[in-house]
Amino acid sequence: MQRVCFQLQVKPERLEEYTARHRSVWPEMLQALKRSGWHNYSLFLREDGLLIGYVEVESLAVAQAAMDAEDINAAWQEQMGEFFVDLEGARPDTGFLELQEVFHLEDQLATVEPSTTQTPQN
């Protein structure tokens, strides 16, 4: 499973509306994301408009291609595109900045021998 974290910037004057739209995403869009293999998908918004997204997929390229084949996605992306800065003509679902993962607890714990994971007792 690929863990993907990404960043976008929501226009400050559109924060309230962006948040409201995500309180009730279109059911057809939710179902398309599920069909396309998007798992554990979350968005986090800072008060200055910094948006951080996280999703788990088998492959980001495959998941994006699957969403591209969904008719509802084109309509959603067209509406969401107006909320962001610096997309330079890209849709939000492809124009984001992907962040590099530098630490994942479970991955590192898996490399540690069981006897060294015990904590000392007082």
Side-chain angles (χ1 to χ4, degrees):
M1 186 71 60
Q2 180 182 2
R3 294 178 300 272
V4 179
C5 185
F6 60 87
Q7 172 185 328
L8 288 161
Q9 184 68 40
V10 178
K11 295 174 182 175
E13 67 275 11
R14 304 293 302 272
L15 293 174
E16 190 174 314
E17 185 181 358
Y18 182 83
T19 301
R21 295 252 189 125
H22 282 82
R23 280 191 203 106
S24 56
V25 173
W26 304 336
E28 298 87 356
M29 185 63 178
L30 298 173
Q31 293 162 350
L33 287 163
K34 183 176 181 177
R35 277 193 305 274
S36 298
W38 295 64
H39 305 283
N40 202 20
Y41 184 23
S42 297
L43 297 173
F44 302 87
L45 184 61
R46 198 166 69 181
E47 61 186 35
D48 66 355
L50 176 67
L51 181 77
I52 300 295
Y54 176 83
V55 64
E56 295 172 356
V57 291
E58 290 300 321
S59 159
L60 180 58
V62 170
Q64 286 175 317
M67 280 305 291
D68 199 42
E70 295 277 354
D71 292 336
I72 193 69
N73 189 50
W76 180 263
Q77 297 304 321
E78 183 179 342
Q79 287 197 16
M80 291 299 107
E82 66 189 45
F83 289 95
F84 297 100
V85 299
D86 299 329
L87 285 179
E88 299 176 10
R91 295 185 334 200
D93 63 342
T94 59
F96 56 74
L97 172 64
E98 189 174 344
L99 304 177
Q100 177 186 1
E101 182 178 35
V102 296
F103 173 80
H104 185 247
L105 177 62
E106 283 74 16
D107 286 350
Q108 288 197 23
L109 282 174
T111 66
V112 179
E113 293 182 8
S115 63
T116 63
T117 60
Q118 297 176 0
T119 57
Q121 297 192 14
N122 294 337

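Values below: all heavy atoms of this structure, side chains included; hydrogens, waters and symmetry mates excluded. Treat the numbers as computed from the prediction; the structure is a model and nothing was measured.
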Task: Test log, rule side chain to side chain contact (heavy atoms under 4.5 Å, CB included), inputs L15 and E47 - done: CA-CA 8 Å; L15 293 174; E47 61 186 35; 5.5 Å; no

Open item on the list: Under the criterion side chain to side chain contact (heavy atoms under 4.5 Å, CB included), I'd like the reasoning laid out for Y18 against R21: C-alpha separation, chi angles, the key distance, then a yes or no.
Closed with: CA-CA 5 Å; Y18 182 83; R21 295 252 189 125; 5.9 Å; no

TODO: Treating Ile, Leu, Val, Met, Phe, Trp and Tyr as nodes and any side-chain heavy-atom pair under 4.5 angstrom as an edge, say whether F84 and Y54 lie in one connected cluster.
DONE: no

Open item on the list: Starting from V25, can I reach V57 by hopping between I/L/V/M/F/W/Y residues whose side chains sit under 4.5 Å apart?
Closed with: yes

- [ ] Report the distance from atom NZ of K34 to atom NE2 of H39, rounding to the nearest 0.5 Å.
- [x] 9.5 Å

- [ ] Check the pair N73 / R91 against side chain to side chain contact (heavy atoms under 4.5 Å, CB included), numbers first and verdict last.
- [x] CA-CA 10 Å; N73 189 50; R91 295 185 334 200; 3.3 Å; yes

- [ ] Determine, step by step, whether Q64 and D93 satisfy the side chain to side chain contact (heavy atoms under 4.5 Å, CB included) criterion, reporting the C-alpha distance in whole Å, the side-chain angles of both residues, the deciding distance to 0.1 Å, and the verdict.
- [x] CA-CA 8 Å; Q64 286 175 317; D93 63 342; 5.5 Å; no

Open item on the list: Quick check: is L99 connected to V102 through a chain of hydrophobic side chains (ILVMFWY, heavy atoms under 4.5 Å apart)?
Closed with: no

Task: Side chain T94, main chain A90, donor-acceptor under 3.5 Å - done: no

- [ ] Working to the nearest 0.5 Å, report the span between CZ of F96 and CG of L60.
- [x] 5.0 Å

Task: Interatomic spacing from CE in M80 to CZ in R14 - rounded to 0.5 Å - done: 8.5 Å

- [ ] Give me the one residue out of E106, E101, E56 that meets salt bridge (Lys or Arg N to Asp or Glu O under 4.0 Å) with R3.
- [x] E101

TODO: Check the angle between the aromatic planes of W26 and W76 and answer parallel, tilted or perpendicular using the 30° and 60° thresholds.
DONE: perpendicular

Task: Gap separating the CG atom of L51 from the NE2 atom of H22, nearest 0.5 angstrom - done: 7.5 Å

Task: Validation row: L30, W38 side chains within 4.5 angstrom (heavy atoms) - done: no

Task: Approximate separation, where rounding is to 0.5 Å, of M1 CE and E58 CD - done: 4.0 Å

Open item on the list: Rounded at 0.5 Å granularity, tell me how far CD in E82 sits from NZ in K11.
Closed with: 7.5 Å

Task: Hydrophobic cluster membership, L87 vs V4, 4.5 Å side-chain cutoff - done: yes

Open item on the list: In this structure, would L33 and I52 fall into the same cluster of hydrophobic residues linked by side-chain contacts under 4.5 Å?
Closed with: no

TODO: Grab the two heavy atoms, one from A32 and one from M67, that are nearest each other, plus how far apart they are.
DONE: O-SD, 3.4 Å

Task: More than 12 heavy atoms of other groups within 6.0 Å of E78 CD - done: no

TODO: Report yes or no: does Q9 contribute a side-chain atom to a donor-acceptor pair with the main-chain N or O of D48 at less than 3.5 Å?
DONE: yes

